[in-house]
Structure formats: C-alpha cells, structure tokens
Amino acid sequence: MQQPSIKNYEFETGIYRPPSEGGSASLLVRLTRNCPWNHCTFCAMYKKEKFELRSPEEIIQDINVMHDISLQLKEISIKQGQGGILSNETFGEFLKKSPDLYFHPGISMLFNWLAVGGKTVFLQDADSLIMKSDHMIQVLKHLKLSFPTIERITSYGRSRTIVRKPISDLEKICQAGLDRLHIGLETGDAALLKKIKKGTTPEDHIKGGRKAIEAGFQVSEYWMPGLGGKTMSKNHAKNTASVLNQINPHYIRSRPFTPRPGTIFFEKASKNELERMTSKEQLLEIKQTLEGLDVSSRVCFDHAGNFWTGPNGRLLLSQGYEGYQFPEEKQNLLELLEKGILYYS
Ligand code: SF4
C-alpha cells in the first residue's frame with residue numbers, strides 16, 4: 001500500500017485544554033485559533049496571538065487525517081499480530097514509515113487518545129461557540145461519524161457568547177454531540193470582573209450558565225481563588241458563591257490565581273508591588289466561598305495550582321476530576337480546609 005505523503009498528514013492542534021481533558025487523554029480538535037476576547041488582565045494564554053475562525057472544511061480535513069492515521073495504525077497492529085490493539089510497537093512502526101511526524105505537535109496526543117479507546121474529545125481554542133452554529137454542528141456530526149467510540153465532547157465557552165446565542169442553536173449543538181461546556185467564571189463580584197476586564201457581568205454569568213444547562217449541556221464553572229487579592233477577597237468569596245448558587249452548575253472548579261508572565265500582575269509581582277495572599281489567606285477565602293455555596297454541584301480542585309498540603313505532608317484537597325459532591329461532602333471539605341488553615345497558621 002502506498003504511504004500518503006507527509007503533507008496529507010497535516011492536522012492542527014492548539015496548546016490549551018482543561019486539566020480534566022488532559023486526565024482523560026482527550027483528542028484535541030481545533031475549531032478556532034486563540035481567543036476572540038483576549039482582554040482578561042490575568043490571562044497570558046493567547047495574548048500575542050490573533051483570533052481566527054477556521055472553516056468547517058479545514059476542520060473536517062483535520063478529522064479525516066486523524067481518522068486515516070487511526071486506520072493505518074490498526075492495519076499495522078493486525079500485521080504485527082496484535083489484532084488491532086495499539087501498542088508502542090505499533091506507534092514505533094508507524095513513525096518509522098512517517099518519520100517527519102516525530103515532530104508533529106499533536107501526534108502523541110492522537111496516539112494516546114487512540115490507545116485509551118478514543119472516548120473523549122476537547123474542542124479548542126478559547127470560545128468555540130463563537131463559530132456559526134451550523135458550522136459547529138457540521139463538524140460535530142462528522143467527528144462522531146468518523147470516530148464512533150466517542151463518548152464525550154467538551155469545549156470552552158464564554159458566558160457572553162452563550163447569552164448571545166439563541167437557545168434553539170445551543171440545543172441543536174448539544175444534540176449534535178457537544179456534551180460539556182467549561183466556562184471561565186473567575187468571580188461573581190461585579191467590581192472584580194470589571195477590574196480584570198473579563199468583558200462580562202455577574203448577570204451574564206448567571207444567564208449564560210443557566211441557559212447552557214437549559215439547552216442540555218453539562219456546565220463546568222471555573223472560579224479563581226485569590227484573584228482579588230486581600231482587598232477584594234471577602235466580596236470575591238461572597239459574590240462568587242451567590243452567582244454559583246444561582247447557576248447550580250454540574251461542576252465548580254478551582255483554578256487559583258497565579259501571576260503569569262506576560263500579564264500586568266506578573267510585572268507588578270516582579271517589582272514587589274503585588275498584594276500577595278498567604279496560603280492561610282487563600283484557604284480562608286476558599287472556605288468562605290464554599291460556606292456560601294448552596295448547590296448540588298461537584299466541587300473540584302483538579303488544577304495543579306491547588307497545591308496546599310496538610311499536616312501529613314500530603315495534598316490537602318483531592319485533585320480528582322470528579323471532586324467533592326455537594327451538599328453531601330460539604331462539611332468534610334470545610335473540615336479539611338480548617339485543618340489546612342491551622343497548619344499554615
Ligand atoms: S476569555 Fe479566557 S482565554 Fe480569553 S482572555 Fe479571558 S481568560 Fe484568557
């Protein structure tokens with residue numbers, strides 16, 4: 001069989017995805033490039049990059065290339081007497097035939113995904129719902145048809161974009177296969193949202209989160225402990241809990257604030273001008289936020305920034321992707337936080 005040229009193997013992969021998608025070895029399919037908003041002052045992810053939509057044809061071509069690679073791997077595995085099971089030997093043999101793919105940024109991601117059964121997919125980059133709805137539906141249908149093993153497809157989505165999209169479009173996108181939306185809430189405090197230039201209000205967050213749930217999506221809201229520093233900590237905690245209560249998302253995920261290189265916060269931190277919170281203050285703020293929660297969500301600390309340790313030297317909070325079920329595990333979690341606060345006192 002003639003080997004397709006390297007050109008035919010080109011497919012595009014972005015960099016970022018939520019920790020839970022890394023944990024499930026999700027296939028990364030790039031729907032758009034970078035962030036259509038790109039003003040949040042704490043975020044450096046796409047700062048120097050220009051936002052671009054990709055055409056459905058371009059994305060479908062990527063999916064076709066990945067599908068073709070999957071067929072070739074299966075064929076190699078059968079020839080190796082492994083009955084279609086993908087092993088390191090299969091990947092090694094494939095790369096021997098296509099050595100240029102060694103340097104492809106997405107090839108290990110694709111191998112890992114196929115090796116674990118090809119079940120979960122993450123659509124990149126920062127706000128896929130900004131695409132035309134019918135384009136997104138076309139891509140989702142093609143993706144599911146190409147890889148019938150897919151069980152879950154997720155993506156990032158901005159509250160403001162969800163608010164603007166007709167509910168009927170959201171429902172159709174959900175029915176076409178997009179299961180979960182990861183939304184960057186960051187805070188429910190209006191003054192802090194304005195300060196960090198999130199381009200959204202607490203009302204948008206509530207409306208967007210509720211609308212996504214109503215359309216049928218699982219909703220995962222990321223909040224950023226420590227974002228308001230000491231000065232805004234109390235209002236950040238109180239108003240974040242209040243907004244989350246009004247959404248009652250499936251998941252609430254803590255992604256603690258860190259000054260990232262390339263942001264104003266990093267510049268200030270390098271000049272020692274940033275009001276830093278101690279570990280104890282961070283945990284106090286998280287405790288205050290959780291105390292205010294009246295939700296039936298899973299509360300997760302799956303981001304590496306949730307680094308606090310307890311008296312036994314181990315991680316204080318579980319970094320599992322399914323986290324703690326509220327309200328059942330709320331009390332346990334508050335007790336853990338209390339232990340951490342004492343430890344750092
Ligand atoms: S919307 Fe998300 S990706 Fe875009 S600038 Fe804000 S935090 Fe960064």
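For ligands, and for the atoms within them, numbers begin at 1 and follow the listed sequence.
- A salt bridge links Glu52 to Arg33: at least one charged side-chain nitrogen sits closer than 4.0 Å to a carboxylate oxygen.
- Summarising the local packing, NZ of Lys339 is surrounded by 12 or fewer heavy atoms from other residues, nucleotides or ligands at distances under 6.0 Å.
- Given atom 6 (Fe) of ligand 1, the protein heavy atom at minimum distance is Cys40 SG, 2.3 Å.
- Heavy atoms only, all atoms of each residue included: His205 and Ile247 are closest at O-CD1, 3.4 Å.
- The nearest protein atom to atom 2 (Fe) of ligand 1, hydrogens excluded, is given as Lys198 NZ, 4.1 Å; this is a heavy-atom distance.
- The atoms of ligand 1 that sit less than 4.0 Å from any heavy atom of Met45 are 3 (S).
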For residues 169-178, run the donor-acceptor check on the side chains, cut-off 3.5 Å, and write out each pair with its distance to 0.1 Å, sequence neighbours left out.
| residue | atom | partner | partner atom | Å |
| --- | --- | --- | --- | --- |
| Asp169 | OD2 | Ser133 | OG | 2.7 |

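- Using a 4.5 Å cut-off on side-chain heavy atoms (C-beta onward), Leu185 and Ser159 make no contact.
- The nearest N, O or S atom of Cys43 is not closer to atom 4 (Fe) of ligand 1 than 2.8 Å.
- Heavy-atom contacts of Asn38 reach the following atoms of ligand 1: 4 (Fe), 5 (S) (cutoff under 4.0 Å).
- Interface atoms of ligand 1 facing Tyr46, defined by a heavy-atom separation under 4.0 Å, are 3 (S).
- Near Ala126, the atoms of ligand 1 lying under 4.0 angstrom from a non-hydrogen atom of the residue are 3 (S).
- Under the 4.0 Å criterion applied to side-chain N and carboxylate O atoms, Arg255 and Glu186 are assigned as salt-bridge partners.
- Residue-ligand proximity, Phe42 to ligand 1, at heavy-atom distances under 4.0 Å covers atoms 7 (S).
- Less than 4.0 angstrom separates some heavy atom of Cys35 from each of these atoms of ligand 1: 1 (S), 3 (S), 4 (Fe), 5 (S).
- A salt bridge does not link Glu89 with Lys96: every distance from a Lys NZ or Arg NE/NH1/NH2 to an Asp or Glu carboxylate oxygen is 4.0 Å or more.
- Residue contacts with ligand 1 for Tyr156 are absent, since no atom lies close enough (heavy atoms, distance under 4.0 Å).
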